Amino acid sequence: MAARIIDGKAAALALRERIAERVSELKNTKGITPGLAVVLVGEDPASQIYVRNKGIACQKAGMHSETIILPAETTQDELEERIRELNEDPEIHGVLIQLPLPRHLNEEKALAVISPEKDVDGFHPVNAGRLLAGQNTVSPCTPKGVMHLLDIAGVELEGKEAVVIGRSNIVGKPMALMLLQRNCTVTICHSRTADLRSHTRRADILISAIGKPGFVTADMVKTGAAVIDVGINRVDGKVCGDVDYAAVQEIAGWLTPVPGGVGPMTIAMLLMNTLEAAERSLNE
Ligand code: NDP
């Protein structure tokens with residue numbers, strides 16, 4: 001039987017509508033407009049598009065949005081000073097640094113300057129530590145979006161075998177921790193994993209976050225598994241994921257397409273994290 005396709009575009013749209021309703025309620029009842037500041041250093045064309053899309057998404061949700069564009073030659077001190085100003089700005093509830101930064105800047109140091117309360121990407125070491133400790137925290141947007149897709153698709157998680165391919169700090173590791181939090185038995189695979197297929201074939205939930213087109217083939221997938229394709233690759237100008245979509249569709253129980261799967265959820269979760277940061281600021 002062909003896999004049920006999880007429509008991330010529709011899920012993200014529905015979530016963004018609910019976020020817009022909560023934003024409007026927050027404005028009307030508490031007089032607060034959630035605000036997101038995106039800091040871009042330099043003129044990388046792809047980053048410019050991502051930043052613009054984030055601003056548009058904020059505005060559509062009724063949020064306040066600021067884009068801070070700094071010249072490519074900005075120093076570490078200047079960048080950190082600008083972030084500190086945003087930490088103090090009461091109109092801003094979320095601060096995001098568009099990555100990658102120009103090579104002369106230290107990303108890790110810059111991210112650590114963002115106040116953990118305003119870290120809507122969930123990359124700050126304090127928030128990463130809270131996630132590891134199983135505490136309530138700001139979770140990175142992409143894995144948070146994956147969890148939402150699994151939930152709306154009705155995929156059972158408790159006691160299931162979950163395999164995550166990829167161990168980056170922004171996708172693979174937080175993804176594994178979130179699945180663990182939901183009582184999956186989790187395996188993390190990476191480029192040095194021996195006999196990758198022996199792991200993936202056991203997976204009831206298989207998450208691919210590698211960045212290699214067509215990498216996950218049908219023979220790597222257990223019949224009926226939920227396969228979530230986080231990868232974004234470009235082949236002959238076309239966007240595709242890590243999964244051999246046509247073949248895996250015949251084996252899997254659920255499958256996310258690329259485009260139209262995890263991608264749209266990431267930006268929706270950025271809005272959610274900003275809204276939640278604004279709501280939390282009321283209790284501080
Ligand atoms: P990274 O390059 O940081 O990490 C890739 C991971 O894949 C690494 O852990 C690497 O292992 C592993 N890997 C590479 N080759 C193999 C292999 N042959 N076998 C097993 N594992 C392998 O990427 P990101 O985590 O940042 O992103 C992963 C993908 O997800 C990319 O395509 C990216 O574009 C996409 N992405 C999509 C988002 C969305 O919104 N949909 C958001 C963020 C990312 P090792 O650690 O050993 O090198």
Side-chain angles (χ1 to χ4, degrees), residues 5-13 15-16 38 44-47 49-54 57 96-101 107-108 111 120-123 128 131 138-150 162-179 186-203 206-217 219-221 227-235 237-245 248 255-273:
I5 304 305
I6 307 177
D7 185 345
K9 215 170 154 186
L13 203 67
L15 191 62
R16 284 169 67 163
V38 180
D44 176 60
S47 292
I49 295 171
Y50 295 143
V51 166
R52 193 173 335 122
N53 287 344
K54 285 169 187 168
L96 181 155
I97 303 172
Q98 185 64 43
L99 301 177
L101 287 171
E107 281 182 5
E108 220 172 278
L111 290 172
V120 281
D121 257 338
F123 296 161
L131 182 64
V138 189
S139 311
C141 302
T142 301
K144 188 170 175 169
V146 171
M147 295 309 291
H148 184 81
L149 290 180
L150 289 168
V163 173
V164 180
I165 322 177
R167 57 173 163 179
S168 72
N169 290 336
I170 64 167
V171 189
K173 281 184 205 159
M175 184 77 255
L177 290 170
M178 285 183 214
L179 290 162
V186 183
T187 304
I188 306 177
C189 299
H190 46 79
S191 67
R192 315 287 171 85
T193 297
D195 195 4
L196 181 66
R197 185 172 304 146
S198 69
H199 296 284
T200 61
R201 283 189 64 83
R202 283 192 296 107
L206 178 61
I207 317 278
S208 182
I210 316 171
K212 293 203 165 141
F215 184 88
V216 177
T217 47
D219 61 325
M220 293 168 75
V221 175
V227 180
I228 308 291
D229 192 350
V230 180
I232 299 179
N233 310 290
R234 243 166 251 278
V235 177
K238 274 193 173 171
V239 174
C240 65
D242 291 342
V243 176
D244 178 352
Y245 187 85
V248 169
L255 180 60
T256 59
V258 179
V262 177
M265 289 308 299
T266 297
I267 208 150
M269 286 307 177
L270 173 65
L271 299 177
M272 180 62 94
N273 280 351

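In this text, all values refer to a predicted model and were calculated from it rather than measured experimentally. Read the numbers this way: they start at 1 and go in the same order the structure lists the ligands and their atoms.
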If the test is side chain to side chain contact (heavy atoms under 4.5 Å, CB included), which one of Val221, Thr200, Asp244 qualifies with Val216? Val221
Matching residue for Met175 among Ile165, Val164, Ile188 - test: side chain to side chain contact (heavy atoms under 4.5 Å, CB included): Val164
Report, in ascending order of atom number, the atoms of ligand 1 lying under 4.0 Å from any heavy atom of [X].
| X | value |
| --- | --- |
| Val171 | 25 (O), 43 (C), 44 (C) |
| Ile170 | 26 (O) |
| Phe215 | 17 (C), 18 (N), 19 (N) |

Taking [atom] as the reference point, the nearest protein heavy atom with its distance:
| atom | result |
| --- | --- |
| atom 15 (N) of ligand 1 | Lys212 NZ, 3.1 Å |
| atom 9 (O) of ligand 1 | Arg167 N, 2.8 Å |
| atom 2 (O) of ligand 1 | Ile210 O, 4.4 Å |
| atom 31 (C) of ligand 1 | Gly211 CA, 3.8 Å |
| atom 33 (C) of ligand 1 | Ile232 N, 4.1 Å |
| atom 3 (O) of ligand 1 | Ser168 CB, 3.4 Å |

Working to the nearest 0.5 Å, report the span between CG of Leu150 and CG of Leu179. 7.0 Å
Check: [Y] and [X] side chains under 4.5 Å, non-hydrogen atoms:
| X | Y | answer |
| --- | --- | --- |
| Arg16 | Ile267 | yes |
| Cys141 | Asp121 | yes |
| Ile6 | Leu255 | no |
| Tyr245 | Cys240 | no |
| Met178 | Val146 | no |
| Lys144 | Met272 | yes |

Evaluating non-hydrogen atoms only, which member of Ile165, Val262, Thr266 is closest to atom 40 (O) of ligand 1? Thr266
Check each of Gly166, Pro140, Ser191, Pro174 against atom 45 (P) of ligand 1 and report the one with the nearest heavy atom. Ser191
Would you check, one step at a time, whether the test side-chain contact (heavy atoms from CB on, under 4.5 Å) holds for Val163 with Cys189? CA-CA 7 Å; Val163 173; Cys189 299; 3.8 Å; yes
Checking the side chain of Ser168 only, and the main-chain atoms of Val171 only, is there a donor and an acceptor separated by less than 3.5 Å? yes
Location of contacts on [X] toward ligand 1, heavy atoms closer than 4.0 Å:
| X | value |
| --- | --- |
| Met265 | neither |
| Thr193 | neither |
| Thr142 | side chain |
| Asp242 | neither |

4.0 Å heavy-atom contact, [X] with ligand 1:
| X | answer |
| --- | --- |
| Val230 | yes |
| Ala209 | yes |
| Gly263 | yes |

Quick one: do Leu101 and Leu99 satisfy side-chain contact (heavy atoms from CB on, under 4.5 Å)? Show the steps, please. CA-CA 5 Å; Leu101 287 171; Leu99 301 177; 4.2 Å; yes
Any N or O on Arg192 sitting closer than 3.5 Å to an N or O of ligand 1? no
